[in-house]
Amino acid sequence: MVEELIQNGDYQEALSYLTDFNDEQTRYLRLVCLVGLQEYQLAKEEGLYAKAHAQDTYYDVVSMYITALKELQEYEEAIDILIEELSMPYIPQEYENVFNAAYDQILLDKQEARYEVESKNQIFSIEEIEQLLKNKDCNEELIYMALDQLQQLNIRLIIPTVRDYLINPKRDFFAKTLLLEILIDQQVDDEFEVEKFGEYYDLNPIYQPLVLEQDAYLGIGSYLEKNIEDENPSLYHQCLDYLEYYLYSIYPHQIYDDDYRVVAATIHYYVATLQSIDIDDEDIEIMYYCTMDEIEQMKLKFNRIEVL
């Protein structure tokens, strides 16, 4: 009967039956009711005891307790609990997924709450960023915000986690490049292996150029500048945007001199098409001294990162 009342949202009536505080299931269901009634402070107080004495309902109780902390904006305590639970090797998969999602959301809530009163560089701790990098699934916006802040912190403190992220094929390819640029900026002298689109690269950041300091950026950009800038500045800048995204996506893959003109031609051809700008195949071939077959082959490389 109590479960039916809870399902119907009759939390206050359900609470009147949940009086046996020595029963583990009762303690958990009381938390469900208190959270449903938005009695978060009371849920926190009862949740602390329930968490300490839970066995079969442990992860469900922790979920309710974290919800109460989140609503009370007690983000630090909630984050500490989540980091501790996610570090355990025996956490059930379904709860790991729930806790990962909760971790992401609480960091976003924390960022929003502090944005008005704190510097952006004070939002996340190095431990919180490390946990984000460990999470199997992470909100894209959140990971980019964390990496932006990581530029101001000491990345050497989390090198093992960074190393695991870079080599994992399931991790975000763009975020990997941002991590590499932080390693380069902080002059980390160590060997790393990086996976990008099924290919593996061995490198030492101290000897690597930043993405937009590569010869390829200047070389390909010079072809675009020569053929577009004077005639259509807007199109030229859009092509540069595509070029930057492409280079960030494939880094540290190297583009050789012989391919500069083909990459430039492919970007020019596609962006012009996207903007409904008529461009003749023969004209593009003459501008960049390449063939449409070469452009089509280059587009296949672009397609694997869905850049175009």
Side-chain angles (χ1 to χ4, degrees), residues 1-118 123-125 127-129 131-146:
M1 182 179 68
V2 171
E3 286 82 356
E4 184 177 346
L5 289 171
I6 292 174
Q7 288 178 358
N8 293 332
D10 297 325
Y11 301 117
Q12 194 65 58
E13 185 176 355
L15 276 175
S16 67
Y17 294 98
L18 296 168
T19 57
D20 184 2
F21 285 86
N22 293 319
D23 179 70
E24 178 178 347
Q25 183 68 14
T26 296
R27 292 194 297 265
Y28 163 63
L29 292 177
R30 282 187 62 85
L31 294 180
V32 174
C33 292
L34 291 172
V35 168
L37 291 168
Q38 300 182 10
E39 295 285 352
Y40 300 120
Q41 184 60 44
L42 188 54
K44 175 192 171 184
E45 294 170 4
E46 291 196 17
L48 185 62
Y49 179 85
K51 178 176 177 291
H53 295 83
Q55 295 182 12
D56 294 339
T57 62
Y58 178 78
Y59 291 108
D60 293 317
V61 167
V62 170
S63 295
M64 288 294 104
Y65 187 54
I66 288 171
T67 298
L69 292 174
K70 172 180 174 293
E71 295 299 330
L72 293 169
Q73 297 187 10
E74 297 185 18
Y75 301 123
E76 299 300 338
E77 184 178 351
I79 288 168
D80 288 344
I81 293 172
L82 286 168
I83 289 177
E84 180 181 1
E85 295 299 335
L86 288 168
S87 69
M88 299 299 176
Y90 45 76
I91 180 173
Q93 182 66 53
E94 63 269 25
Y95 291 103
E96 182 180 4
N97 294 337
V98 169
F99 288 174
N100 275 328
Y103 184 82
D104 288 358
Q105 186 58 53
I106 288 172
L107 283 186
L108 285 172
D109 291 346
K110 175 186 172 184
Q111 184 268 348
E112 183 177 351
R114 292 187 177 182
Y115 190 82
E116 296 288 335
V117 294
E118 292 189 5
I123 295 171
F124 304 133
S125 70
E127 292 81 11
E128 291 166 353
I129 295 173
Q131 185 60 50
L132 280 175
L133 294 174
K134 288 180 178 179
N135 289 352
K136 293 180 180 179
D137 297 300
C138 181
N139 178 285
E140 187 177 276
E141 177 187 357
L142 191 58
I143 195 71
Y144 292 155
M145 284 195 301

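- Of the residues listed (Ile81, Leu31, Ile66, Thr57), the one engaging Lys51 in a side chain to side chain contact (heavy atoms under 4.5 Å, CB included) is Ile81, and it is the only one.
- Summarising the local packing, CD of Gln55 is surrounded by 12 or fewer heavy atoms from other residues, nucleotides or ligands at distances under 6.0 Å.
- With rounding to the nearest 0.5 angstrom, the CD atom of Glu128 is 5.5 Å from the CG atom of Leu107.
- The closest side-chain heavy-atom distance from Leu48 to Tyr65 is below 4.5 Å.
- Looking at every heavy atom in both residues, Ala146 comes nearest to Ile129 through O-CD1, 3.6 Å.
- With hydrogens and angles ignored, the 3.5 Å screen pairs a side-chain donor or acceptor of Glu24 with a backbone N or O of Asp56.
- Other residues, nucleotides and ligands place no more than 12 heavy atoms under 6.0 Å from the CD atom of Glu4.
- Note that CD of Glu140 is 12.0 Å distant from CG of Asp104, once rounded to the nearest 0.5 Å.
- Pairing each heavy atom of Tyr103 with each of Gln131, the nearest pair is OH-CB, 3.2 Å.
- Expressed to the nearest 0.5 Å, how far CZ of Arg30 lies from CD of Glu46 amounts to 4.0 Å.
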Audit row: Leu82, Glu85, side-chain contact (heavy atoms from CB on, under 4.5 Å) steps and yes/no: CA-CA 5 Å; Leu82 286 168; Glu85 295 299 335; 5.7 Å; no
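- A donor-acceptor pair is defined here as one N or O able to donate and one able to accept, closer than 3.5 Å; no such pair exists between the side chain of Asp10 and the backbone of Glu13.
- In this structure, the side chains of Glu94 and Asn97 stay at 4.5 Å or more apart for every pair of heavy atoms.
- Looking only at side-chain heavy atoms (C-beta outward), Lys134 and Leu86 stay at 4.5 Å or farther from each other.
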Would you check, one step at a time, whether the test side-chain contact (heavy atoms from CB on, under 4.5 Å) holds for Leu34 with Leu15? CA-CA 8 Å; Leu34 291 172; Leu15 276 175; 4.0 Å; yes
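- Contacts of Tyr95 classified as ring-ring contact (aromatic ring centres under 6.0 Å, His included), with partners at least two apart in sequence or in another chain: Tyr59.
- Distance check, rounded to the nearest 0.5 Å: CE of Met64 to CG of Leu29 gives 10.5 Å.
- The shortest heavy-atom contact between Val35 and Ala43 is CG2-CB, 4.2 Å.
- Listed here is the closest heavy atom pair of Gln41 and Leu72: OE1-CD1, 3.8 Å.
- Closest approach of Ala54 and Val61 over heavy atoms only: CB-CG2, 4.2 Å.
- Taking CD1 of Ile79 as the reference point, atom NZ of Lys70 lies at 12.0 Å (rounded to 0.5 Å).
- Taking CD1 of Ile106 as the reference point, atom CZ of Phe99 lies at 10.0 Å (rounded to 0.5 Å).
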